[in-house]
Amino acid sequence: MDSFEKYVGQVFDKRYRIIKVLGIGGMAVVFEAMDMLMRRNVAVKMLKDEINNDTQSVKRFINESKAVAMLSHPNIVNIFDVSVKDDLKYIVMELVEGITLKNYILKKGVLGFHEIINITEQILLALEHAHSKGIVHRDIKPQNIMMLKNGTIKVADFGIAKLPNAETVTMTDKAIGTVFYISPEQASGKAIDRRSDIYSLGVTMYEMATGKLPFVADSPVTVAIMQVKNTPMPPRELNPNIPVGLEQIIMGAMEKNPDNRFQSASQMLRHVVQLKNNPHTVFKMPKVDENNQAQPDNSQNELPPNVKKLTPKSSRSMFPVIAGVATSFLIVCCVSAAVVLMKLFDTTTTDLSQQITIPELVGAVYSESLEEQLESQFYNVEVEYKYDNSYERNEIIAQDPLPDEKRKVIPEKQKCDLKLTVCWGAETVELGDYAYEDARNVKIELQDLGLIADIVNETHEYISEGCVIRTEPESGTVMTVGEHVTLYVSSGPDIKYVTVPDFRGCDEAAVMKMLEWNELGLGNVKYEYSDTVAAGLVIEQSRGIDSKVPSGTKVDFVMSLGPEPEETTADTSLAVEPELPVE
């Protein structure tokens, strides 16, 4: 700590005045600082001196700034500035006043159901946004989740994030941070995608729900192997007070095979919200193929009970085997052909299909009971959620097939696929702090967020012309996409214009009074001889008569000395010598 206190009071790049040390990590130290340009407190994350020239660490630093620069979400820590100079490398970010989720768990132990749901929902919203931009965090863990005093959750540290179409940072031991939360594909060095973040979030939820990690061992390597092979103890065995639905979500997120997990943050979020609305919900989880289920270490060598163990035989010719396979194949083909021909020529075959008419569901409120009702009849229901300000939350806004269309189904054997598009509510964004920024750039950024910018010009004493003074509503407001934001833009200082009077022929006293009355200033004064203007009066003025000039403008004058005096020659012959005094 003492080695970093030397930075307190220093000003980085003539802008960020360091106030105090907030924390020290393995790679960086975080300061609280004052942004003297934007007049706000920020967090400055600076690489430690000893790794300032480490190529991998610098890559991670730049990677973090690039990742978050692509993101804008109320549940993601904002980055304002980045500097990667040779002697000083730091990131300027939003100052988050709170504690990490890890410290909160250590302090409180097992979290309550509503806390778990609230935290998970906000993390999923952050991941949903990041994944929509093609960014995979790759390091979701409680240490990287910040909890604000008002209950807001902020996802931080995108240092090893996987960016779209860009070189990603190598997953060194420092980059991984801890193996307790990594996905099986991360641990085994396989390709990863957004589903890896889903697994890490599942581990985080497990820890929140039980106060324990699913896998613990003496060495990181052993933990990594357990992530790949072992099945965690069901959370309800450690904490029977959590709902069944919460355990299902946790275990669904922690499936070893990515194909068996939630496939997106949006899909997992729908389940979390459904459980939030009804804690007694029990989900119909999809059946997992037995071959894809991970087995504990103590059963790795066991075979499924219905498979006979083959005893190795001595080497022999493969011809009988090949012949047997070929014969079997021909038999199957013949039988299949016979069945097809029988169906073609047997006109007495009973048609078991049943024709149904697709009901009209647009405008109805989607619920789990509605889905169960449809699936108990003739439909396989697929739900797609969509943000839309024009409809109520959970209102069905589209369906495929369309109402009144006809379909054939076979009861208990074949169903009709029915896709429902459900309104997820109005999409919201948090309004940033745009003070001092170029209004043209801010308008474009707001349009990208789905907000409409209205410009109002105002004079301002020191904010440059064309820059934003403030917004209405103010920064930090959560807004619905499509709403209007008023940008108050500086038109420069408030300039008062005055009319320049005719000073010609005025003496000095009159000039000073007229300057005062008309809010003008005295500029340079020159004196010249004039045969037409009397001495002491104005001959010329620098500003045009009746012209409009800003208040305080200085006026230069040319004053008359009167006519130029005639030259005279001295006559010495007429000089009279002074009389000498009489003695």
Side-chain angles (χ1 to χ4, degrees), residues 1-69 76-108 137 139-150 152-161 169 172-178 180 432-433 435-436 475-476:
M1 176 72 78
D2 293 340
S3 62
F4 298 106
E5 291 290 345
K6 64 183 180 181
Y7 291 101
V8 174
Q10 291 189 22
V11 178
F12 291 177
D13 293 323
K14 299 179 180 180
R15 178 172 177 179
Y16 305 107
R17 180 170 55 83
I18 304 302
I19 298 173
K20 63 181 179 180
V21 178
L22 291 178
I24 301 172
M27 296 175 58
V29 56
V30 180
F31 301 100
E32 180 180 350
M34 165 59 73
D35 182 345
M36 296 186 295
L37 176 61
M38 303 300 288
R39 295 190 298 179
R40 64 186 174 195
N41 282 27
V42 295
V44 174
K45 182 177 181 180
M46 184 186 77
L47 269 180
K48 287 183 175 179
D49 294 337
E50 58 265 31
I51 57 174
N52 201 22
N53 295 315
D54 179 70
T55 303
Q56 195 65 24
S57 300
V58 175
K59 271 188 180 181
R60 178 177 179 180
F61 228 58
I62 297 173
N63 202 67
E64 180 171 7
S65 64
K66 285 182 178 179
V68 184
I76 296 176
V77 175
N78 287 320
I79 283 186
F80 302 132
D81 195 7
V82 60
S83 172
V84 286
K85 296 177 182 176
D86 292 338
D87 57 339
L88 193 62
K89 298 178 177 67
Y90 63 86
I91 295 173
V92 181
M93 62 185 70
E94 172 187 6
L95 180 62
V96 178
E97 296 183 358
I99 64 172
T100 65
L101 177 58
K102 184 68 174 182
N103 287 338
Y104 187 71
I105 294 172
L106 292 173
K107 178 180 178 182
K108 192 170 181 180
H137 189 286
D139 200 16
I140 292 295
K141 57 188 178 185
Q143 293 91 326
N144 288 336
I145 309 298
M146 296 298 300
M147 299 182 66
L148 280 64
K149 293 178 182 178
N150 63 1
T152 301
I153 297 299
K154 295 273 188 180
V155 177
D157 199 348
F158 282 75
I160 60 170
V169 180
T172 62
D173 290 341
K174 288 184 179 179
I176 292 174
T178 174
F180 294 112
D433 185 356
Y436 300 90
S475 63

- To the nearest 0.5 Å, what is the distance between CE (Met93) and CG (Asp81)? 11.0 Å

- Message: side-chain contact (heavy atoms from CB on, under 4.5 Å), that's the test. Do Val8 and Ile19 meet it? Break it down for me.
- Response: CA-CA 6 Å; Val8 174; Ile19 298 173; over 6 Å; no

- Query: How many angstroms lie between CE in Met34 and CZ in Arg17, if you round to the nearest 0.5 Å?
  - Reply: 6.0 Å

- Item | Side-chain heavy-atom pair Thr100, Met147 within 4.5 angstrom cut-off | no

- Task: Would you name the heavy atoms of Asp139 and Asn144 that are closest together and state the gap between them?
- Result: O-ND2, 2.9 Å

- Counterpart residues, side chain to side chain contact (heavy atoms under 4.5 Å, CB included), relative to Met38 (two or more places apart): Arg15, Asp35, Arg40, Tyr436

- Task: Give the ring-plane orientation class for Tyr90 versus Phe12, where under 30° counts as parallel, over 60° as perpendicular and anything between as tilted.
- Result: tilted

- Item | side chain to side chain contact (heavy atoms under 4.5 Å, CB included) partners of Ala435, counting only residues at least two apart | Asp433

- Quick one: CD on Glu5 to CD1 on Ile18, what's the gap to the nearest 0.5 Å? 11.5 Å

- Indicate the atoms forming the closest heavy-atom contact of Ser475 with Gly432, along with that distance. CB-O, 3.2 Å

- Message: For the CZ atom of Phe4 and the CE atom of Met46, what is their distance to the nearest 0.5 Å?
- Response: 6.0 Å

- Note on the structure: Rounded to the nearest 0.5 angstrom, the NZ-CG distance for Lys154 and Leu101 is 15.5 Å

- Task: Please list, chain by chain and in numerical order, all residues satisfying side chain to side chain contact (heavy atoms under 4.5 Å, CB included) with Glu97, sequence neighbours excluded.
- Result: Leu95

- Please examine the side chains of Phe31 and Tyr16, heavy atoms only from C-beta on, and report whether any two atoms are closer than 4.5 Å. no

- If we only count heavy atoms from C-beta on, is the Val96 to Thr152 side-chain gap below 4.5 Å? no

- Message: Just verifying a value: how many Å separate Ile91 CD1 and Leu47 CG, rounded to the nearest 0.5 Å?
- Response: 7.5 Å

